[in-house]
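Written below as structure tokens is the structure these notes are about.
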Amino acid sequence: MIEFKMPSLGADMEDGTLVEWRKKPGDQVKRGDILADVDTQKGLIEIEVFDEGVIDTLLLEEGVKVPVGTIMAIIRPLGEVTEEKDIPSAISSEEPEKSEEVPAKTSEEKEERRVKITPLAKRIALENNLDYSVINGTGPEGAIVKKDVEKALAEAVGPSKEMGGFTEKADEAIVEVKKEHKTPPIKAIRTAVAAAMSKSNREIPHYYLEKKIDMTRALEWLTETNSGLPVQKRILPAALFIKSVASSLVDVPELNAEWEDELVIKNEINIGFVVSLRSGGIVVPSLKNADLKSVGEIMEWLNDIIPRSRSFNLRSSELSGSTVTITNLGEGGADKVFGIVYPPQVAIIGLGSVAEEPFAKKGMVGIHPMLYVTLSGDHRATDGLVGSRFLAAMDKHLQNPQAL
Amino acid sequence: MQEEEIKSIVLHSLKQIAPDTKPEQLGWEENMREALNIDSFDALQFIVALSEKLDIDIPEKDYGHTATMKSLMAYLKKKKQV
């Protein structure tokens, strides 16, 4: 039997509230299936299963808040022999899948018919005056789940494709749909960030390094690459930075690691990329196996993940598993940023804004676009020399962007 | 396409990427990215939206024209031959 626990979606998450089960006992699940919606300080997150098997028991009632690590469900691995009679007993004793049968009236029909809908989905539909009786459910036994209602709402509004067809009403409608993703209050995000950063600053003895990198070649390469691309596929410097960090971590794996009373180097390079929210606070989605992705693929990831991060529409796997973090200030702001390591990671890389500066090269002073890259490292895990090797590797890769 | 229609598309696109702002109150020569706190990712989304809604190509070398409402409107009017 596999115990499915409330996952930790970052060092700043202490607990989560089960909002809705998406599976019921007896359902077969595979890796990546959504098991439940959980409300966290980072918003409503879809929690995924990492194993293959059959749901045996759901242990939590919807609406219950539990600490990280609490067992939420029992999953029977495929192939494990269980006597048939065990299964119904598990279902009958728990039956936590609460999709209820409710009478729903369509506008035309006089006759009532039964519609299966989960409480969350029903609430969202009612809040938006949506007639949910006409929605096709994709949940267990055809029950209408949150996603179905959201889809129906999105379709009902529909982005106006006609030019000039923007009215005040359309504006309002777009805002309505955005409300569907439960936005955590700014205060909750601030509290979460405060807790994680205080813990880091208290426990991790940081060392800080910085390196100036000439971006002439990298920017020339980007301009040349983008000139042949349609606007939707154009690459931002951030994608190139992420790729160069990933390649540098291949060269210096000691920084792609966790500190667990000793340095544990990770096999996968999963980069946490800090996304700032307009309302304040940050969300840090994780790019898995960044070293194996092309710069174009990383840009596609950014195009997908940044808007979803800002609307709190992420899955659990997209928020967890980072082995290192990048904080990228972008253009026009501060020259450099020194981050605070996000435990149990051992390094955070800070990218400042690219700005023109006088720079001496081969005995000649010229004006070059310069980037300040910083590294904050956990001194328990590595020493400055390792960090220095990493920054030198970043420089090497950014001087040779076509090879990235 | 009329100038007013282009302006309405510009303002709507800005509102979509920066919903907490009031783009209609932007000064004609104000730096839009600074005034509306738009980062480089959102700036690219804005250009994608304008390209799609106005059916024009905005090459990277022309991004400088998108700095203020004044320069952007002049650029878009020229592109749409208004």
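Chain naming here is simple, since letters A, B, ... match the order of the sequence lines and numbering starts at 1 in each.
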When you check the side-chain N and O atoms of Ser244(A) and Ser247(A), is any donor under 3.5 Å from an acceptor?
no
Is it the backbone or the side chain of [X] that comes under 4.5 Å from a heavy atom of chain A, or both, or neither?
{"X": "Ser51(B)", "answer": "side chain"}
{"X": "Ala43(B)", "answer": "neither"}
{"X": "Leu11(B)", "answer": "neither"}
{"X": "Asp39(B)", "answer": "side chain"}
{"X": "Gln45(B)", "answer": "side chain"}
{"X": "Ile58(B)", "answer": "backbone"}

Once ring pair (Phe, Tyr, Trp, His ring centres under 6.0 Å) is applied, do any residues pair with Tyr75(B), and if so which ones, sequence neighbours excluded?
His65(B)
Mark yes or no for whether Arg234(A), through its side chain, and Gly228(A), through its backbone, hold a donor-acceptor pair below 3.5 Å.
no
May I ask you to decide if Ile9(B)'s main-chain N or O and Lys53(B)'s side chain share a donor-acceptor pair within less than 3.5 Å?
no
Applying a heavy-atom distance below 4.5 Å, give me the residues of residues 301-309 of chain A that approach chain B, sorted by number.
Leu302(A), Asn303(A), Ile306(A), Pro307(A)
Considering heavy atoms only, which positions within residues 210-224 of chain A lie below 4.5 Å of chain B?
Leu222(A), Thr223(A)
Under the ring pair (Phe, Tyr, Trp, His ring centres under 6.0 Å) definition, can you give me all pairs with a residue in residues 25-63 of chain B, not counting sequence neighbours?
none
Check: Asn328(A) and Ile242(A) side chains under 4.5 Å, non-hydrogen atoms:
no
Per side-chain contact (heavy atoms from CB on, under 4.5 Å), Ile269(A) is matched among Leu287(A), Asn289(A), Val245(A), Asp291(A) by Asp291(A)
